[in-house]
Amino acid sequence: MTLRVHDLTCARGGLPVLEGVSFTLAPGKALILRGPNGCGKTTLLRTIAGLQPSIAGEIEAPADSIAYAAHADGIKAVLSVTENLQFWAETFGTASVEAAIDRMKLRALATRPAQTLSAGQKRRLGLARLLVTGRPIWALDEPTVSLDTDSVALFAGVVRAHLEQGGMALIATHIDLGLPEAQVLELGTYKARLPEEGAGGFDEAFL
Amino acid sequence: MTLRVHDLTCARGGLPVLEGVSFTLAPGKALILRGPNGCGKTTLLRTIAGLQPSIAGEIEAPADSIAYAAHADGIKAVLSVTENLQFWAETFGTASVEAAIDRMKLRALATRPAQTLSAGQKRRLGLARLLVTGRPIWALDEPTVSLDTDSVALFAGVVRAHLEQGGMALIATHIDLGLPEAQVLELGTYKARLPEEGAGGFDEAFL
Amino acid sequence: MMPDLGRYFLEVTLAYGASLGLLAVLALWVWLRGRAVRRALDEFENSRGKNG
Amino acid sequence: MASLWEYANPLKFMRTTDRLLPVVAWAAVIVTAVGLIWGFFFTPDDFRQGSTVKIIFLHVPSALMAINAWIMMLVASLIWLIRRHHVSALAAKAAAPVGVIMTLIGLITGAVWGQPMWGTWWAWDPRLTSFLILFLFYLGYIALWAAIDDPDTAADLTAVLCLVGSVFALLSRYAAFFWSQGLHQGASLSVAPGTRIDWAYKAPLYVSMTGFGLIFLALVIAGTRTEIRARRMKALVARERMA
Amino acid sequence: MRALLLRDLRLAIRAGGGFGLGLAFFLILAVLVPLGVGPEPDTLALIAPGILWVGALLACLLSLDRIFALDFEDGSLDLLATAPVPLEAVVSIKALAHWITTGLPLVLVSPVLGLLLFLPAEAYGWLILSLLLGTPALSVIGSFGAALTVGLKRGGLLLSLLVLPLYIPTLVFGAEVVSRGAQGLTVGTPLSLLAGITAGAVALLPFASALVLRINLR
Amino acid sequence: MRALLLRDLRLAIRAGGGFGLGLAFFLILAVLVPLGVGPEPDTLALIAPGILWVGALLACLLSLDRIFALDFEDGSLDLLATAPVPLEAVVSIKALAHWITTGLPLVLVSPVLGLLLFLPAEAYGWLILSLLLGTPALSVIGSFGAALTVGLKRGGLLLSLLVLPLYIPTLVFGAEVVSRGAQGLTVGTPLSLLAGITAGAVALLPFASALVLRINLR
Ligand code: HEM
Ligand SMILES: Nc1ncnc2c1ncn2[C@@H]1O[C@H](COP(=O)(O)OP(=O)(O)OP(=O)(O)O)[C@@H](O)[C@H]1O
Ligand SMILES: Nc1ncnc2c1ncn2[C@@H]1O[C@H](COP(=O)(O)OP(=O)(O)OP(=O)(O)O)[C@@H](O)[C@H]1O
Ligand SMILES: [Mg+2]
Ligand SMILES: [Mg+2]
């Protein structure tokens, strides 16, 4: 149970943005992806989550082991907090909704329709989803957006507990999460170079 | 030209969330709104921007002086960066699109359709809109979400320049913006108490 | 020169006129677009060539 | 066989068609002109249809090419989906506008012919109806190409639409024949029932059918070249940005 | 104001053909009805005025949710409401943009569809005239409905439900003009009523729409 | 799977009445057509089968964009695509939910609308049967169109343009069943063709939809 990424090239809008990304994530470890805006963090996470094909390189991960969380949380505005979580729990075949609600301090909001939550409360609900997937590898894209400092600490605690149980986390973020034990990968250094011009003529220009 | 808020009560979803908020914002000053998630920062900003009525209290501001920036940036995905800004510039009757593009480091992206921008690049475009409104009071709701550290510093510089020209800024945020000169208002202390039960009978139950 | 089309003159000329007109418009469109794209591409490649 | 796929290389395609296109284009103009002039000026009037029989030299070739264009798009879409040769996707894209115009010509000449023959511009005849449906499929296909920004995504989606659409177009044709009995000619080259078509009409008809085929070929080649260039332009502009 | 109109038109064109698609729907409806009803020219000629008007109405209806919903979702509407332009003007401009991208093309293409439905020759002029007079009302009334439902997630069908009854007078008088025209009767009364409805709607409804929009924003 | 179906149904009910609105549209159409066409019972009876089928088709069409667009926008579709369920199953379940909220109510209410349009008594049974057999195909074909256009901002009209031609065979056979039934003719052939189309669409199209959806997500 390890996530191994080897010499990965991933593309956005038909152009490679990152090239030669390699890392290994062992159980119990977290890796923080850093890099300036537009360097390709979201692209990398989507590629690893299997939502888009890679251009080159390999991603080795056990089947159905990655839980992906993007900017958009997939929250249904008219369903209550519990119903939202319930749905994902049943889809992923787990049943620990109550624990997740308590863990992310959503108990007081449990029966509220999600549309009446504030930005940060919505985000907490989105993160609670991770807990009900029961998947070992978390791939998170800026998970702490809109969270206040207490909630960021709460979230760091949740991630730490997940790691202690042998989970893994891959987190793209711009701020300090309070996870000093995590390794950091600077994505700025993997910026893809332009494919060489002229070599194969027209066909290359398509990729 | 001052923004004066006096004993303001504002409500969300029919319930008062903040009560007795008072402050004065003089030209050249910035005020940072802080408070835990769900305390009512968004609600307060929307009330001040005139998007929702207040329950009690007064807001004194010159007409047409507030530029509001919310989580959603009002960016049209199929228009280019320049076209997006151009539209707001014409609507607000100003013409300084080029300056705003340079100021927010969008020159390299100027002809790109907005849908191909990364999260942080979109945010920079959203903030550039403030510069073309030509309005003195900026009411900003978590403006630095998704921005990397360089862009946060860039934004702080933009706000500082605005203040130096006699502008004002009202900023709700959870992170450190690098604006030490700004005052801070802790909204946690203005939490509305529930209206007393039974006192006025039915009529109160409607508010 | 012109054949005698009898009482169907209008129909037949209309059919020929409309069809040839449409074909001409199509050919013109293909040609103009082709020329515009080709020019843009050449211009782009030349300017890039100069810059290195 | 493998060598045929080499023409799916854009560069090779451009080089080959650079020489081929003028030849095809001139051939198209000359053959069509011969066919139509022969048909228009040097054919006798039909004893029943009068001079309107001359419309056949436009109507039949364009109707034929309208259907053939769709079949060609179907094949090109399949090639793109299976072998992922960019040229075939772009050729399918280039064929669509030619196909619509052919369909439109077929519709218009048919309508103009219908007025004297059937006393009406339009009838809900099965052949006419399925032709109109084909027109709608063309419109949808073109609209989908136009609506999607990313070229590869657009190629994939339109190719799937073309496949699914073909199945439904066939079904619609069958449905239309089920739904009404028509006025229109059957699929034999017999203008009046019982009498075989005379060579006086057949010969120019074959010539202009060849001409329309060549027109289609020339326009598709030219369009594909343009699409290849546009595609390259797009890629170059994107690279420029990246640098 | 001009900026808003140009932006809306540009968005309509770029986002996959606002122009073409209203048209395409109208065309498809004119094809579907004979397929459903059967190919007899007499029946079709009889129902042609009504079907064409119903078709125009539905084509308008389908694109109504574009008027405000997109701007609401991405926050533009909040920003427009705080911009130095009256909301009434915003509403009117958006209805105008909708008409230009939807109503006007319908008017222009309607004769062709009349052909498909065997509309009698005398009726073509009245068809065009009545659509030209009536479609602006459809856009304005529709923008009122769109303003009403703007807060609701994908209120498309609710919107239809609210707007269709409001469309009924326009439809009745519009179709009446055409079918009287087809029978060679005088069309003065329904035509002036149609014009009256349009004038009234264009003059007054934007105020209601702006009001409703303000309520939905808060 | 069950969870997804229940969620979709719940969303349809909560978000402003997925159930009621398809119905309402169908009803309104059945009211508009007599208003546009004129009140003569004979004409109406003649066109009733076709109009009812066209109405059912349009009512389905209007709610199609809900199938995937909402889930795409809020990111649920990304999450579903990485969940341990095959995308083909997701697509089928969503088409089923669409049918339950739109197609089924239409079937149930269609006799009432038949009444409004003076549908002959013999045809009611065939109307219900043909709609029952045909509407699942409408939902499945529609979900293919919705999957094609999911990435496009408010692709509503493009969706109609793509889907309506695909609906034609279903419409033709469905309306044919009803109108033959109304005239007391045998309906075996169109009925079995209708069933065949539905069976084929239900069995095969979800694969195309899932393919297209994966392309749109990447
Ligand atoms: C708008 C009206 C019309 C349309 C859309 C139309 C469409 C077509 C199509 C699609 C074909 C090719 C048929 C096939 O290969 O299966 C065709 C062929 C033909 N059409 Fe028409 N048609 C129309 C009107 C007419 C009229 C009015 C006439 C003459 C009275 C006519 C005479 C023919 C003939 C002779 C052929 C050749 C049949 C063959 O393949 O041998 N068409 N038409
Ligand atoms: N459709 C597209 N066409 C061309 N370029 C694109 C497209 N979509 C995104 N890009 C570019 O790809 C790059 C990578 O984007 P990505 O969203 O992965 O960045 P990111 O690292 O997540 O940035 P952020 O921190 O701002 O979220 C960006 O420079 C972006 O502008
Ligand atoms: N429609 C509603 N009905 C009831 N309560 C609501 C409704 N909408 C929001 N609320 C509540 O109102 C409170 C204030 O929300 P608001 O969005 O202003 O918070 P905020 O300070 O901006 O929080 P954040 O930092 O998370 O963005 C929250 O507790 C929220 O749950
Ligand atoms: Mg990102
Ligand atoms: Mg907030």
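Just so it is clear, the values below take in all heavy atoms, side chains as well, and ignore hydrogens, waters and symmetry mates.
Rounding to the nearest 0.5 angstrom, the gap separating the OG1 atom in Thr43(F) from the CG atom in Asp42(E) is 11.5 Å. The OH atom of Tyr167(F) sits 15.5 Å away from the CG atom of Leu35(E) when rounded to the nearest 0.5 Å.
Neither the backbone nor the side chain of Leu52(F) comes within less than 4.5 Å of any heavy atom in chain E. For chain E, the nearby part of Leu171(F) is the side chain; its heavy atoms alone come within less than 4.5 Å. Heavy atoms of Leu58(E) lying under 4.5 Å from chain F belong exclusively to its side chain.
Note on Leu32(F), Val178(F), Val31(F), Leu29(F): by heavy-atom pairs under 4.5 Å with chain E, the leading option is Leu32(F).
Side-chain contact check for Ile51(F) versus Ile51(E): some heavy-atom pair is nearer than 4.5 Å. Looking at Leu46(F) and Ile47(E), their side chains never come closer than 4.5 Å, going by heavy atoms from C-beta outward.
Heavy atoms only, all atoms of each residue included: Gly36(F) and Ala175(E) are closest at O-CB, 3.6 Å.
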